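Reviewing the structure listed below.
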Amino acid sequence: MKKQWSGKRSFYPVMLALLVVIGVLSGCAGKDDKTSEQLSATEIGKSIEQAVILKDMKKQDLDKLHKLYKIDAESIDDFILYTSTSNVKADELAVIKLKDESEAEIVKKNMERRIEAQKMKFRDYRPDEYFLVDNHALKTKGRFIFFAVSKDAESMERTFDSAF
């Protein structure tokens with residue numbers, strides 16, 4: 001009988017340790033959501049600026065964002081937008097944080113219209129630029145929308161993804 005008793009004794013500390021581990025892990029579970037809520041498009045943009053060279057791109061304002069993607073200023077929490085310094089280049093970078101996640105699909109559709117317009121513009125005129133537009137990066141993550149047309153679009157996208 002002593003062996004059975006000592007077996008039960010070691011069972012309780014193991015269960016207690018298991019409960020403590022579960023409690024600690026569940027306490028950490030919500031941190032990613034809070035971090036992405038506190039994250040800004042400007043911070044992500046700075047990370048992208050450090051990862052790739054944007055020397056042939058110019059930082060743009062809210063008017064240009066509205067002109068290119070038909071996004072209302074009231075919908076935007078924060079954004080960065082870079083476009084090519086030349087109208088014969090297709091390079092663009094946009095990271096947009098919306099106030100409401102439910103608007104992400106509408107904004108994404110507007111960006112897809114922009115992509116189609118750029119494809120038409122460059123298809124016969126500049127095949128290299130058409131290739132960049134055709135191989136763009138466009139994705140949403142919660143309230144964030146990422147769009148890149150660049151030879152470095154993959155690096156930009158990896159940097160965007162790593163921010164989360």
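Since this is a predicted model, take the numbers as computed values, not measurements. Side chains included, hydrogens not; waters and symmetry mates left out as well; all remaining heavy atoms used.
Transitive grouping of hydrophobic side chains (ILVMFWY, heavy atoms separated by less than 4.5 Å) keeps Tyr82 and Ile76 in distinct clusters. In this structure, Leu65 is a member of the same hydrophobic cluster as Met111, with clusters built from ILVMFWY side-chain heavy atoms closer than 4.5 Å. Cluster membership check: Ile44 does not share its hydrophobic cluster with Ile96, using side-chain heavy-atom separations under 4.5 Å among Ile, Leu, Val, Met, Phe, Trp and Tyr.
Shortest non-hydrogen contact noted between Glu43 and Gln38 is OE1-O, 4.0 Å. Residue Ala163 comes nearest to Leu39 through the heavy atom pair O-CD2, 3.7 Å, listed as atom of the first residue, atom of the second, then distance. Closest of all the heavy-atom pairs between Phe122 and Glu129 is CD2-CB, 3.7 Å. Contact between Thr42 and Ile80 at its shortest, heavy atoms only, is CA-CG2, 3.7 Å. Taking all atoms of both residues into account, the shortest heavy-atom contact from Ala51 to Thr159 is CB-OG1, 3.4 Å. Taking all atoms of both residues into account, the shortest heavy-atom contact from Thr140 to Ala104 is CG2-CB, 4.2 Å.
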Next item on the list: Evaluate salt bridge (Lys or Arg N to Asp or Glu O under 4.0 Å) for Glu116 paired with Lys119, printing each intermediate quantity in order.
Entry: CA-CA 5 Å; Glu116 289 307 312; Lys119 283 182 180 180; 3.6 Å; yes

Check: Given the rule in the side-chain contact (heavy atoms from CB on, under 4.5 Å) test, do Val88 and Tyr125 qualify, once you have shown the distances and angles that lead to the verdict?
Finding: CA-CA 9 Å; Val88 296; Tyr125 175 57; 3.2 Å; yes

Next item on the list: Show the numbers, then the answer: is there a side-chain contact (heavy atoms from CB on, under 4.5 Å) between Val52 and Leu93?
Entry: CA-CA 11 Å; Val52 298; Leu93 169 64; over 6 Å; no

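Heavy atoms of other residues, nucleotides or ligands lying less than 6.0 angstrom from CD of Glu112 number more than 12.
Lys141 forms a cation-pi arrangement with Phe164, by the criterion of a distance under 6.0 Å to the ring centre and an angle within 45° of the ring axis.
Using a 4.5 Å heavy-atom cutoff, the side chains of Leu138 and Lys108 are in contact. Residues Glu92 and Gln118 are in side-chain contact: their nearest non-hydrogen atoms beyond the backbone lie under 4.5 Å apart. Side-chain contact check for Lys139 versus Asp161: some heavy-atom pair is nearer than 4.5 Å. You'll find the side chain of Tyr69 reaches within 4.5 Å of the side chain of Leu81, heavy atoms only.
In this structure a side-chain-to-backbone donor-acceptor pair under 3.5 Å is missing from Asp72 to Glu74. At distances below 3.5 Å, at least one donor-acceptor pair connects side-chain atoms of Asp78 with backbone N or O atoms of Ala41. No side-chain donor-acceptor contact under 3.5 Å links Glu103 to the backbone of Asp100. Looking only at distances, a side-chain donor or acceptor of Asn135 sits under 3.5 Å from a matching main-chain atom of Phe131. Under a 3.5 Å cut-off, the side chain of Asn110 and the backbone N or O of Lys70 do form a donor-acceptor pair. Put simply, the side chain of Arg143 never gets that close to the backbone of Glu101: no donor and acceptor are under 3.5 Å apart.
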Which atom pairs, one a donor and one an acceptor, fall under 3.5 Å between side chains of residues 53-64 and the rest of the protein, sequence neighbours left out?
from	atom 1	to	atom 2	distance (Å)
Gln60	NE2	Thr83	OG1	2.8
Asp61	OD1	Asp63	N	3.3
Asp61	OD1	Lys64	N	3.1

For residues 144-153, which side-chain N or O atoms pair as donor and acceptor with protein atoms under 3.5 Å away, sequence neighbours left out?
from	atom 1	to	atom 2	distance (Å)
Ser150	OG	Asp152	N	2.9

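Note on Glu49 versus Lys46: no salt bridge recorded, every NZ/NE/NH1/NH2 to OD/OE distance being 4.0 Å or above.
Taking CG of Leu98 as the start and CG of Asp77 as the end, the distance is 8.5 Å to the nearest 0.5 Å.
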